[in-house]
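Note that this is a predicted model, so its numbers are computed, not measured. Note on naming: letters A, B, ... go to the chains in the order of the sequence lines (proteins, then strands), and numbering restarts at 1 for each one.
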Number of protein chains: 2
Amino acid sequence: MEKFDYSALSFKSLKTLKLIYDLGSLTAAAIELGQNQPTISYTLDQMRAALQDPLFVRSGRGVAPTSRCHQIMPEIDKLLRGMSELLQPEEFEPSNANLDVTISCNQYELQIIVPSLVERLNRLAPNIRMAFIQSHVSGHRQLQRGLCDLLLSPVVRDYEALYQRRLFKDRYVCLMSAAHTLAKQPIGLDDYRAAKHVEIHYEGGWKPFYLSAPELQGVNLNVALSLPSVSNLIPTIASTDLLMTLPERLARLIGGSMLIKDPPFISDFELCLYWNKMTHHSKAHQWLREQIIDICSTLDSPRSTT
Amino acid sequence: MEKFDYSALSFKSLKTLKLIYDLGSLTAAAIELGQNQPTISYTLDQMRAALQDPLFVRSGRGVAPTSRCHQIMPEIDKLLRGMSELLQPEEFEPSNANLDVTISCNQYELQIIVPSLVERLNRLAPNIRMAFIQSHVSGHRQLQRGLCDLLLSPVVRDYEALYQRRLFKDRYVCLMSAAHTLAKQPIGLDDYRAAKHVEIHYEGGWKPFYLSAPELQGVNLNVALSLPSVSNLIPTIASTDLLMTLPERLARLIGGSMLIKDPPFISDFELCLYWNKMTHHSKAHQWLREQIIDICSTLDSPRSTT
DNA sequence: GCGCTGTAATCAAATTTTTCCATAATAGAT
DNA sequence: ATCTATTATGGAAAAATTTGATTACAGCGC
């Protein structure tokens, strides 16, 4: 006797079996299911072959379950309930959603967005585990390849197969010591070119947007200091005449008592949230994306500078 | 959007889904299942409709599961395992078999068989719950109607739709006080007819077999005492000249110091175990029937009498 | 960037499974 | 024993699955 392959059985078979069990009659089950009686017999035959047991025997006006049938009925119930739950539209309750999320971003987003996000998720959805990876220059590739679920990036572009949502605007400003030569005057283009600059060199060779400003084309900035991260920027340049050009929100966040001044060019940019089709339909991820959008919409707008 | 009816889904669909998940490729899944690729696409389409989610999205050479897909895969695993177990041939382990059994019989079987059976089941299969009901004269009817699972009866007959197995033979003997007038001699037919008899009157009007002996045809026994049960028989007749005709095994069991003598006729009978098709295929019931058969085969054969 | 390659999606036809209708067999019930 | 209600069976119709051929798509190498 070869092993029976249960693949062929459908949930309808189980449902039918249970109905026969409950009603004690094939005919009644047929009526209930809006089918006719031979159909029920046919299904029952399949189950009999599958389970190697008559399952029901004629008895009085109808059928009575066999011992085996009694035995398996609770299991069948479980399977039916399991399937029913499986097809429930994904119901998402932040407070007990269990989820792993990987978010790719760089220093800027880690500083500006991530703290609020972590705080909020920790409060509203404590069972969501977050992992942050660095985007470097290939965030969209990471996302396309499923290495992360979300990308926070200042690059606004229509990547193929990615969804996006703009979060907020920012622009570059100049950060310098209050004692800086240029502290008391608007910074002209010549001043800017002549100044001693600090740069952050990102892995992968990414260059900040402001370098693409028309006013800086063909100009080699005088880079007096190159750092791998903004983390120790302020103490490093606080008492120097070095000048750092960086996003305004970041400048305000870490700048302390340093001076923030308009640069001699316009370099607005937008921060964008990207995701892919893998998480697009997920209720949990939809909620998560909304949280990020909400956080960003309520970030303080930076005040204008001198 | 109307509620999806999961009935149509078969376990094959789930199996296919899991295979795509494990292999990350529809084509590979198709090969593994010995089908061709559009078939897998077709099945996936069904699941997509059912679950309202793409489940897999194209990614690199193959497909990657969506968030929802990750989420439901453990459930699908559970369902597949559940179904697989359901189709396992009923494996029966006495020590942890959980079962309800109803056995129909009368006083004789309750005295002769049931104590050993209860002891044995309590020892080997402590989770089998037994209920004993009285057969009266309609034991086979009870069995046919599913009111009991087993019938122990001395009536050997081919009832329709019932299975049977003979257990052991017995015969009727005469039980009397050692001081009885007939104590010192073989009992002749005239002695027997002249004696003062005790009878047990069973509910339903059942008459013991020995009354059908050819030697007693047309004879009205002199019934001096009629009791509803054998339970208080011995103390009642111990010091009288009453004579009780009853099955030998019962006589030996309850007779104490009373005298057992051959009656002036032959009245052998056999005890039989009956069951119906509802329990015929059940491994548990098969085992249970074997236990009863075994117990009966090892009952002491009654020694012959004077 | 542009074709190449491997993979999934789509379509119509072939096949298989399921359902239906009519009818026979069966087991209780009158 | 006959009657009635119910399940089983068989052949035809309907529906579904599977197939083979083809198209569309996404990475990858050049």
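For the pair A:Leu55 CG and D:dT7 P, the interatomic distance rounds to 15 Å; values are reported in whole Å. Separating the CG atom of B:Asp45 from the P atom of C:dA8 is a distance of 13 Å, rounded to the nearest angstrom. Following rounding to the nearest Å, B:Tyr159 (OH) and C:dA27 (P) show an atom-to-atom distance of 18 Å. Rounded to a whole Å, the CD1 atom of A:Ile20 is 14 Å from the P atom of D:dT6. Rounded to whole Å, atom P of C:dT17 lies 10 Å from atom CD of A:Gln46. Distance, B:Phe11 CZ to C:dT17 C1': 18 Å, rounded to whole Å.
In terms of the ring pair (Phe, Tyr, Trp, His ring centres under 6.0 Å) criterion, residue partners of B:His140 (sequence neighbours excluded) are, by chain and number, B:Tyr159. Residues passing the side chain to side chain contact (heavy atoms under 4.5 Å, CB included) test with A:Glu290: none are found, sequence neighbours excluded.
With the end axes of the helix from C:dG1-D:dC30 to C:dT30-D:dA1 each set by five pairs, the angle from one to the other reads 30° at 10° resolution.
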Produce a footprint string for nucleotides 23-30 of chain D: one letter per nucleotide, 5' end first; B if the base is under 4.0 Å from any protein heavy atom, S if only the sugar-phosphate is, - if neither. --B-SS--
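The aromatic rings of A:Tyr210 and A:Tyr172 sit tilted, their planes meeting at an angle between 30° and 60°.
We find the CG-CG distance between B:Leu86 and A:Leu51 to be 5.5 Å, quoted to the nearest 0.5 Å.
Judged by distance alone, with hydrogens and angles left aside, the side-chain atoms of B:Arg68 form no donor-acceptor pair with the main-chain N or O of B:Gln52 at under 3.5 Å. Distance alone, capped at 3.5 Å, is enough to place a donor-acceptor pair between the B:Asn106 side chain and the B:His136 backbone. Of the possible donor and acceptor atoms, one in the side chain of B:Gln164 sits under 3.5 Å from a partner among the backbone N and O of B:Arg157. When atom types are taken as modelled, the side chain of A:Asp268 and the backbone of A:Arg171 share no donor-acceptor pair closer than 3.5 angstrom.
Shown for residues 25-42 of chain B: residues whose heavy atoms fall under 4.0 angstrom of DNA chain D, namely B:Gln35, B:Asn36, B:Pro38, B:Thr39, B:Tyr42.
If you check the side chains of A:Trp275 and A:His285, you find no donor sitting under 3.5 Å from an acceptor. Using a 3.5 Å distance cut-off with no hydrogens or angles, the side chains of B:Gln37 and B:Thr27 do not pair a donor with an acceptor.
Toward the 5′ end of DNA chain C lies the nearest nucleotide of B:Leu44, the other residue of the pair B:Leu44 and A:Lys12 mapping further downstream.
Across all strands shown, B:Arg48 has heavy atoms under 4.0 Å from sugar-phosphate atoms exclusively, and none from any base.
For residues 16-32 of chain A, every residue pair satisfying the salt bridge (charged side-chain N to carboxylate O under 4.0 Å, His left out) rule, not counting sequence neighbours, is listed here: A:Lys18-A:Asp22, A:Lys18-A:Asp77.
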